[in-house]
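The block underneath contains the structure these notes are about, expressed in structure tokens.
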Amino acid sequence: QVHLVASGGGLVQAGDSLRLSCASSGRTFSALSMGWFSQAPGKEREFVATIDSSGGNREYADSVKGRFTISRDNAKNTVYLRMNSLKPEDTAIYSCAGGDFLSRRAWNYGYWGRGTQVTVSS
């Protein structure tokens with residue numbers, strides 16, 4: 001079993017930055033690919049970014065490419081999402097997820113943590 005806890009959200013202004021963290025316990029973190037997904041009120045969950053188990057491969061949604069960076073520290077069992085140049089449309093609950101392979105599809109992730117709220121004011 002894997003337990004994921006996301007943190008680092010908050011209320012910021014447009015143009016500001018945030019770093020989200022997702023700490024893992026349980027199954028070996030270093031064997032998991034990790035993803036970040038967002039869900040805004042009234043909208044479906046959307047892919048944001050993913051990173052493979054070694055950190056060597058990363059993928060991003062077009063909407064965040066160049067602004068967000070996903071990274072991981074396997075020694076700390078933690079995956080991060082650095083969010084720069086935040087926009088009001090980035091407002092959502094951000095959740096981290098763990099799976100067996102790199103994927104943009106939420107259904108490929110078997111482990112999910114409770115999300116953290118990011119609110120960007122204009």
Side-chain angles (χ1 to χ4, degrees):
Q1 191 68 312
V2 175
H3 183 58
L4 302 173
V5 179
S7 61
L11 172 62
V12 297
Q13 294 186 332
D16 285 351
S17 298
L18 280 175
R19 189 180 77 160
L20 306 185
S21 300
C22 174
S24 172
S25 62
R27 180 182 164 185
T28 303
F29 175 78
S30 60
L32 294 173
S33 290
M34 299 297 297
W36 284 97
F37 291 80
S38 67
Q39 188 164 20
K43 295 188 177 181
E44 293 186 355
R45 184 161 53 192
E46 294 183 346
F47 165 74
V48 176
T50 183
I51 187 168
D52 69 1
S53 59
S54 69
N57 291 293
R58 313 173 195 199
E59 294 185 7
Y60 298 93
D62 288 345
S63 60
V64 307
K65 202 172 295 183
R67 299 190 298 122
F68 292 8
T69 302
I70 189 171
S71 61
R72 65 189 298 158
D73 186 337
N74 286 344
K76 295 183 178 180
N77 290 348
T78 302
V79 62
Y80 304 98
L81 185 69
R82 177 68 180 181
M83 310 166 75
N84 294 332
S85 303
L86 282 160
K87 304 176 181 180
E89 52 263 43
D90 295 322
T91 295
I93 295 173
Y94 285 76
S95 300
C96 58
D100 290 329
F101 53 89
L102 198 71
S103 177
R104 295 171 176 250
R105 309 300 184 193
W107 59 77
N108 285 324
Y109 291 85
Y111 306 108
W112 288 85
R114 184 177 297 180
T116 184
Q117 175 72 47
V118 173
T119 303
V120 185
S121 64
S122 58

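Small disclaimer: the values here were computed from a predicted structure and weren't measured.
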Heavy-atom nearest pair, Cys22 first then Leu4, reads SG-CB, 3.9 Å

Excluding Val5, membership of its hydrophobic cluster (Ile, Leu, Val, Met, Phe, Trp, Tyr; side-chain heavy atoms within less than 4.5 Å) reads none

Taken to the nearest 0.5 Å, the spacing of His3 NE2 from Asn77 CG works out to 12.5 Å

### Leu18 with Ile70, same ILVMFWY side-chain cluster at under 4.5 Å
yes

dist Asn74:CG -> Ser53:OG (nearest 0.5 Å) comes out at 7.5 Å

Closest non-hydrogen atoms of Ala40 and Ala92, given as atom of the first, atom of the second and distance, are N-CB, 3.8 Å

| Within a strict 4.5 Å, meaning less than it, do heavy atoms of the Leu20 and Val118 side chains meet? | yes

Can you confirm whether Asp16 sits close enough to Val120 that some side-chain heavy atom of one is under 4.5 Å from a side-chain heavy atom of the other? no

**Asked** Would you say Asp52's side chain and Asn57's backbone share a donor-acceptor pair under 3.5 angstrom?
**Response** yes

One should read off an interatomic distance between Glu89 CD and Ser63 OG, to the nearest 0.5 angstrom, of 9.0 Å

Heavy-atom closest pair (Tyr94 atom, Leu81 atom, distance to 0.1 Å) is CD2-CD2, 4.2 Å

The complete set of disulfide bond (SG atoms under 2.5 Å apart) pairs with one or both residues in residues 46-94, sequence neighbours excluded, reads none

Rounded to the nearest 0.5 Å, the CZ atom of Phe101 sits from the OG atom of Ser33 at a distance of 8.5 Å

Residue set satisfying side-chain contact (heavy atoms from CB on, under 4.5 Å) with Asn84, at least two apart, ordered chain then number -> Ser17, Arg82

Any non-hydrogen side-chain atom of Met83 less than 4.5 Å from a side-chain atom of Val12? no

Check for me, please, whether Trp112 and Ile93 land in the same ILVMFWY cluster - side-chain distances under 4.5 Å, paths through other members count.
no

OG of Ser25 to CD of Gln1, rounded to nearest 0.5 Å, is 9.5 Å

Within a strict 4.5 Å, meaning less than it, do heavy atoms of the Asp100 and Leu32 side chains meet?
yes

query: Trp36, Val2: one ILVMFWY side-chain cluster at the under-4.5 Å cut-off?
result: yes

Heavy atoms of Ser30 and Arg72 approach each other most closely as CA-NH2, 4.1 Å

field: Within-4.5 Å side-chain heavy-atom neighbours: Leu11 and Gln117
entry: no

For residues 102-122, the salt bridge (Lys or Arg N to Asp or Glu O under 4.0 Å) pairs (sequence neighbours left out) are Glu59-Arg104

Q. Taking 4.0 angstrom as the limit, do Asp90 and Lys87 come out as a salt bridge?
A. no

Hey, are Tyr109 and Thr50 close enough side-chain-wise for a donor-acceptor pair under 3.5 Å?
-> yes

Heavy-atom nearest pair, Cys96 first then Ala6, reads SG-CB, 4.2 Å

Here the salt bridge (Lys or Arg N to Asp or Glu O under 4.0 Å) pairs for residues 38-50, sequence neighbours left out, are none

With no hydrogens and no angle check, is any side-chain donor or acceptor of Arg67 less than 3.5 Å from a backbone partner on Ser85?
yes

For residues 40-62, the ring pair (Phe, Tyr, Trp, His ring centres under 6.0 Å) pairs (sequence neighbours left out) are Phe37-Phe47

Within the 4.5 Å heavy-atom criterion, are Phe68 and Leu86 side-chain neighbours or not? yes

Nearest heavy-atom contact between Thr78 and Ser21 is CG2-CB, 4.2 Å

